[in-house]
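Report on the structure given below.
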Amino acid sequence: MSHKTIHPEGWLPAKGYANGMLTKDGTLHIGGQIGWDANKKFVSQDFIGQMRQALKNIRDIVEAAGGQVSDVTRLTWFVTDKDDYTRRQGEVGTAYREVFGRHYPAMSMVVVSALVEDEALVEIEATAHLS
């Protein structure tokens, strides 16, 4: 069996990358997700709205591979505005729990000057382990 590309049903095709790659051993690598929906339209111009959507995208990819949010073992966040993130910690926590519940995998946060999509304020990549 070779690696399997994971692409949620109904999503526009990814161009030049895969949303998810499932390895033979059940490791699911999820490429950086931003705050756009299945039609590649941003749902919000706000950090919290984009963060929530990026997490939903991760959840959708995990579920398309046959897993669930609790299978996610790592999240790496790339944010363009550290102050906005830290100032809104209460909202961040609320939005996070709406999508991931009380599942808290290992996480890293990296502050970057910009992301490839000009409107993007946050990008989150993930790793999950499916059995």
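Nothing here was measured: the structure is a model prediction, and the numbers come from that model. Residues: numbered from 1 along the sequence shown.
- Within the 4.5 Å cutoff, the side chain of Tyr104 has heavy atoms near those of the Arg97 side chain.
- Met109 and Val112 are members of different hydrophobic clusters when ILVMFWY side chains are connected at heavy-atom separations under 4.5 Å.
- Side-chain contact between Arg74 and Glu125 is present, with at least one heavy-atom pair separated by less than 4.5 Å.
- Within the 4.5 Å cutoff, no side-chain heavy atoms of Val122 are placed close to those of Phe78.
- No continuous path of ILVMFWY side-chain contacts below 4.5 Å connects Ile34 to Val79, so the two sit in separate hydrophobic clusters.
- A donor-acceptor pair under 3.5 Å is formed between the side chain of Thr73 and the backbone N or O of Thr127.
- Between the side chains of Asp25 and Thr27, a donor-acceptor pair is found at a separation under 3.5 Å.
- Listed for the Asp71 side chain is a donor-acceptor partner under 3.5 Å among the backbone atoms of Gln68.
- In this structure, Met21 and Thr5 have side chains that are in contact, with non-hydrogen atoms separated by less than 4.5 Å.
- Here the closest heavy-atom approach between residue Gly10 and residue Ala38 is recorded as O-CB, 4.0 Å.
- Among residues two or more places apart in sequence or in another chain, the ring pair (Phe, Tyr, Trp, His ring centres under 6.0 Å) test is passed with Phe100 by Tyr96.
- Counting only N and O atoms by type, the side chains of Asn19 and His7 include a donor and acceptor under 3.5 Å apart.
- Once rounded to the nearest 0.5 Å, the distance linking CZ of Arg87 with CZ of Phe47 reads 10.5 Å.
- Annotation: the span from Lys24 atom NZ to Ser2 atom OG amounts to 7.5 Å, rounded to 0.5 Å.
- Taking hydrophobic clusters as Ile, Leu, Val, Met, Phe, Trp and Tyr residues chained together by side-chain heavy-atom distances below 4.5 Å, Phe42 does not share a cluster with Trp11.
- Side-chain contact check for Leu75 versus Ile58: some heavy-atom pair is nearer than 4.5 Å.
- Among the candidates Ile30, Thr76, Leu55, the single residue satisfying the side chain to side chain contact (heavy atoms under 4.5 Å, CB included) test with Ile124 is Leu55.
- Residues Leu115 and Met107 are members of separate hydrophobic clusters, defined by side-chain heavy-atom contacts under 4.5 angstrom among Ile, Leu, Val, Met, Phe, Trp and Tyr.
- Under the 4.0 Å criterion applied to side-chain N and carboxylate O atoms, Asp46 and Arg88 are assigned as salt-bridge partners.
- Salt-bridge annotation for Lys56 and Asp60: absent, with no side-chain N of the basic residue lying under 4.0 Å from a carboxylate O of the acidic one.
- Between Ile61 and the choices Ile6, Leu22, Val72, the side chain to side chain contact (heavy atoms under 4.5 Å, CB included) rule is met once, by Ile6.
- For Gln50 (side chain) and Leu121 (main-chain N/O), a donor-acceptor pair under 3.5 Å exists by modelled atom type.
- Linking ILVMFWY side-chain heavy atoms closer than 4.5 Å, directly or via other members, places Val62 and Trp36 in two distinct hydrophobic clusters.
- A donor-acceptor contact under 3.5 angstrom links the side chains of Gln45 and Glu119, judged on distance only.
- Distance OG1/Thr80 to CG/Asp118: 11.0 Å, rounded to 0.5 Å.
- The two atoms that bring Ala64 and Pro8 nearest to each other are CB-CA, 4.0 Å, heavy atoms only.
- Environment of CD in Glu9: sparse, with no more than 12 heavy atoms of neighbouring residues, nucleotides or ligands closer than 6.0 Å.
- Residues Met51 and Val92 are in side-chain contact: their nearest non-hydrogen atoms beyond the backbone lie under 4.5 Å apart.
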*Could you give me the CA-CA distance, side-chain angles and deciding distance for Lys15 and Lys40, then say whether side-chain contact (heavy atoms from CB on, under 4.5 Å) is met?*
CA-CA 11 Å; Lys15 293 184 179 178; Lys40 296 186 179 180; 4.3 Å; yes
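- Side-chain atoms of Asn57 and Gln53 include a donor-acceptor pair closer than 3.5 Å.
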